[in-house]
Amino acid sequence: MESKGTGTGLRCLVTGATGYIGGRLVPELLDAGHGVRCLARTPEKLRDHPWAGRAEAVKGDVTDAESLRTALRDIDVAYYLVHALGTGPGFEETDREAARTFGREARAASVRRIVYLGGLTPSDVPEAELSPHLRSRAEVGRILLASGVPTTALRAAVIIGSGSASFEMLRYLTERLPVMVTPSWVSTRIQPIAVRDVLRYLVGSARMPDEVNRSFDIGGPDVITYRGMMQQYAQVAGLPHRLILPVPMLTPGLSSHWIGLVTPVPRSIARPLAESLRHEVVCHEHDIAQYVPDGPGQPFPFSTALALALQRVREANVTTRWSSASTPGIPSDPLPTDPDWAGGSLYSDVREREVDAPPEALWRVIEGIGGDNGWYSFPLAWAVRGWLDRLIGGVGLRRGRRDAERLRVGDSLDFWRVEEIRPGRLLRLRAEMRLPGLAWLEMYCEKSSDGRSHYRQRAVFHPRGLLGHAYWWSVSPFHAVVFGGMARNVALAAAEDTTPARG
């Protein structure tokens with residue numbers, strides 16, 4: 001790590017570096033002069049980040065003690081930014097064991113401090129009545145505080161920043177519904193905080209005195225209801241006043257379906273967000289300022305946090321999104337290769353086209369696929385597939401893209417995830433829709449001998465059980481329309497693209 005041996009910066013381990021907060025924290029720590037090591041189950045997802053060459057990446061998992069020992073070696077400050085939410089009904093036990101393992105290994109490695117970002121919980125509500133999500137986050141904080149390693153446990157309510165799940169939920173609900181029937185929790189008081197303040201507190205916590213071992217409430221200066229948040233969003237975004245009619249019968253479960261239908265946030269994430277809003281979440285102290293002083297205008301007011309987030313969205317300058325982390329429960333197996341999958345069933349659909357355009361033009365179309373640009377074939381079929389996925393709890397199509405032109409490994413792309421990208425040559429996507437098997441889509445760009453391009457497209461499906469085989473054969477009659485049309489239209493779009501190559 002860069003700072004090792006300099007005597008100035010600290011040596012920091014960041015878990016969850018592929019996620020929304022972790023991906024933004026790493027460059028902040030680097031800019032503050034610290035050395036950074038990132039722990040990730042798939043370090044390759046970090047390679048295309050602008051800061052990748054300045055940080056060390058190691059393979060591991062917080063549930064694996066052996067990989068933690070390697071990751072925590074020579075570390076001063078360890079950031080714990082992971083949780084098992086959405087991995088199944090046993091996620092609380094997974095969180096519990098992961099925190100115990102992390103705390104035990106951090107103590108054995110003589111780590112000077114653990115910094116944890118958890119959720120703000122109401123002080124007057126018994127823990128048993130909290131949502132499983134909040135209850136687990138609170139328990140993880142207690143486990144780390146009792147680990148024997150001085151710990152800073154930051155507790156935040158709603159985090160407002162471009163690409164955060166809370167911001168996206170607020171943005172889509174307000175923009176798409178000028179009149180809305182809402183759950184009763186829109187009247188709950190909340191103390192939101194700007195993501196910039198969260199990052200400032202996280203970075204500043206690294207240098208807390210060794211005797212500090214406690215939790216801190218962190219929030220912005222405004223205490224506001226969710227209804228007020230939507231009205232302020234409308235005002236900042238230049239939208240007409242929204243008519244909001246709360247009704248008591250919308251339970252968190254029904255609320256999550258409602259959120260899932262209107263916003264890009266899938267039900268697996270929408271439900272804990274909705275459940276977290278049932279109780280008032282307001283800071284009861286601001287002691288963090290004793291150790292991480294606030295500057296003028298800090299922490300940011302809610303309206304400023306909104307304006308900053310909206311500006312980033314409009315400028316297409318969103319560095320990480322809520323979907324940066326892999327969707328819980330989605331397989332992460334690499335693309336099957338012939339030796340590894342010998343004897344197993346593997347279906348594929350291959351399409352090839354000669355393209356009357358240089359490779360640079362073809363690659364622009366390939367890398368720009370998805371999101372607002374669509375998928376170049378039978379939009380209704382893709383839309384229906386997205387809606388069906390949403391109805392059964394999947395991510396659907398509305399995650400869109402992080403960047404309108406550029407992709408990097410680990411990016412979510414509608415209901416796909418970028419698994420591999422070789423600029424100018426290959427884009428490989430792994431499906432994250434609900435499927436009875438594993439699926440990939442590859443798009444190749446090759447230069448022809450006559451200066452034109454050759455486009456090769458391959459869809460691969462590894463079925464799971466009889467249902468998987470039945471699924472493939474049930475949809476294969478539509479492949480000529482969907483995949484054949486896609487190959488044809490990608491080639492046509494490249495041929496029509498006369499813009500100069502991007503630098």
Side-chain angles (χ1 to χ4, degrees), residues 47-48 315-316 334-338 346-386 397-433 439-461 472 475-503:
R47 76 173 194 207
D48 295 330
E315 293 175 353
L335 182 75
T337 57
D338 291 340
L346 198 63
Y347 296 112
S348 66
D349 181 280
V350 179
R351 310 278 169 168
E352 299 189 62
R353 306 278 300 195
E354 292 300 320
V355 183
D356 190 18
E360 294 82 5
L362 175 58
W363 180 251
R364 280 196 293 273
V365 175
I366 292 173
E367 193 177 9
I369 204 162
D372 291 339
N373 293 328
W375 291 88
Y376 293 97
S377 75
F378 200 16
L380 180 60
W382 287 89
V384 169
R385 185 63 184 88
L397 274 176
R398 288 203 302 268
R399 290 192 303 184
R401 299 172 52 109
R402 177 191 57 83
D403 185 287
E405 296 181 336
R406 303 273 185 192
L407 291 173
R408 64 190 185 202
V409 170
D411 272 359
S412 60
L413 182 59
D414 293 327
F415 47 43
W416 304 89
R417 175 83 52 184
V418 179
E419 185 170 270
E420 180 60 87
I421 183 167
R422 299 174 194 166
R425 295 173 53 205
L426 165 69
L427 174 62
R428 179 185 299 144
L429 308 176
R430 188 184 76 247
E432 290 193 337
M433 77 258 321
W440 294 262
L441 178 62
E442 292 180 321
M443 287 163 275
Y444 293 87
C445 174
E446 300 169 349
K447 186 176 182 178
S448 300
S449 58
D450 58 1
R452 297 190 304 164
S453 307
H454 181 77
Y455 175 66
R456 183 170 182 265
Q457 174 185 297
R458 183 169 77 131
V460 181
F461 183 66
W472 174 265
V475 299
S476 58
F478 303 101
H479 286 174
V481 175
V482 176
F483 291 130
M486 181 179 177
R488 180 178 62 255
N489 291 328
V490 164
L492 288 173
E496 294 171 359
D497 183 357
T498 57
T499 59
R502 294 193 304 266

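Count residues from 1 along the sequence. Note: hydrogens, waters and symmetry copies are ignored here, and every other heavy atom, side chains too, is used.
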**Message:** As a test of understanding, state which of Arg401, Arg402, Arg417 forms a side chain to side chain donor-acceptor pair (under 3.5 Å) with Asp411.
**Reply:** Arg402
**Item:** Distance (rounded to the nearest 0.5 Å) between Arg364 CZ and Glu405 CD
**Value:** 9.5 Å
**Request:** For side-chain contact (heavy atoms from CB on, under 4.5 Å), just list the numbers for His454 and Glu354, CA-CA rounded to whole Å, side-chain angles, deciding distance to a tenth of an Å, and then say yes or no.
**Result:** CA-CA 5 Å; His454 181 77; Glu354 292 300 320; 2.6 Å; yes
**Item:** Minimal non-hydrogen separation, Glu367 against Arg406, with atom names
**Value:** OE2-CA, 3.5 Å
**Prompt:** So which heavy atom on Leu407 is nearest to which on Leu413, and how close?
**Reply:** CD1-CD2, 4.2 Å
**Asked** Taking the side chain from Asn489 and the backbone from Gly485, do they hold a donor-acceptor pair closer than 3.5 Å?
**Response** yes
**Prompt:** At their closest point, which heavy atom of Cys445 faces which heavy atom of Ile366, and how far apart are they?
**Reply:** CB-CD1, 3.9 Å
**Request:** Could you walk me through whether Lys447 and Ser453 pass side-chain contact (heavy atoms from CB on, under 4.5 Å), step by step?
**Result:** CA-CA 5 Å; Lys447 186 176 182 178; Ser453 307; over 6 Å; no
**Item:** side-chain contact (heavy atoms from CB on, under 4.5 Å) between Val365 and Tyr376, worked out
**Value:** CA-CA 10 Å; Val365 175; Tyr376 293 97; 3.6 Å; yes
**Prompt:** So, does Asp414 use its side chain to make a donor-acceptor pair with the main chain of Gly371 at under 3.5 Å?
**Reply:** yes
**Message:** Suppose we screen for side chain to side chain contact (heavy atoms under 4.5 Å, CB included). Which residues come up paired with Arg425, at least two apart in sequence or across chains?
**Reply:** Arg422
**Message:** Please enumerate all residues that pass salt bridge (charged side-chain N to carboxylate O under 4.0 Å, His left out) together with Asp450, with sequence neighbours excluded.
**Reply:** Arg452
**Request:** Search all heavy atoms of Ala494 against all heavy atoms of Ala357 and return the closest pair with its distance.
**Result:** O-CB, 3.4 Å
**Request:** Evaluate the criterion side-chain contact (heavy atoms from CB on, under 4.5 Å) for residue pair Phe483 and Trp375; output intermediate values, then yes/no.
**Result:** CA-CA 10 Å; Phe483 291 130; Trp375 291 88; over 6 Å; no
**Side chain proximity check, Glu419 to Trp440, heavy atoms < 4.5 angstrom** = yes
**Asked** Looking at Arg428, Arg430, Arg351, which one forms a salt bridge (charged side-chain N to carboxylate O under 4.0 Å, His left out) with Glu442?
**Response** Arg428
**Complete:** Correct closest heavy-atom pair for Arg353 and Ala491 would be CB-CB, 4.3 Å
**Prompt:** Which atom names give the shortest non-hydrogen contact between Tyr455 and Met443, and what distance separates them?
**Reply:** OH-CG, 3.1 Å
**Message:** Between Ile421 and Leu426, is there a side-chain heavy-atom distance shorter than 4.5 Å?
**Reply:** no
**Message:** Below 30° counts as parallel, above 60° as perpendicular, anything between as tilted: where do the rings of Phe461 and Trp472 land?
**Reply:** parallel
**Message:** Holding to side chain to side chain contact (heavy atoms under 4.5 Å, CB included), I want the full list of residues that pass it with Pro423, two or more places apart in sequence or in another chain.
**Reply:** none
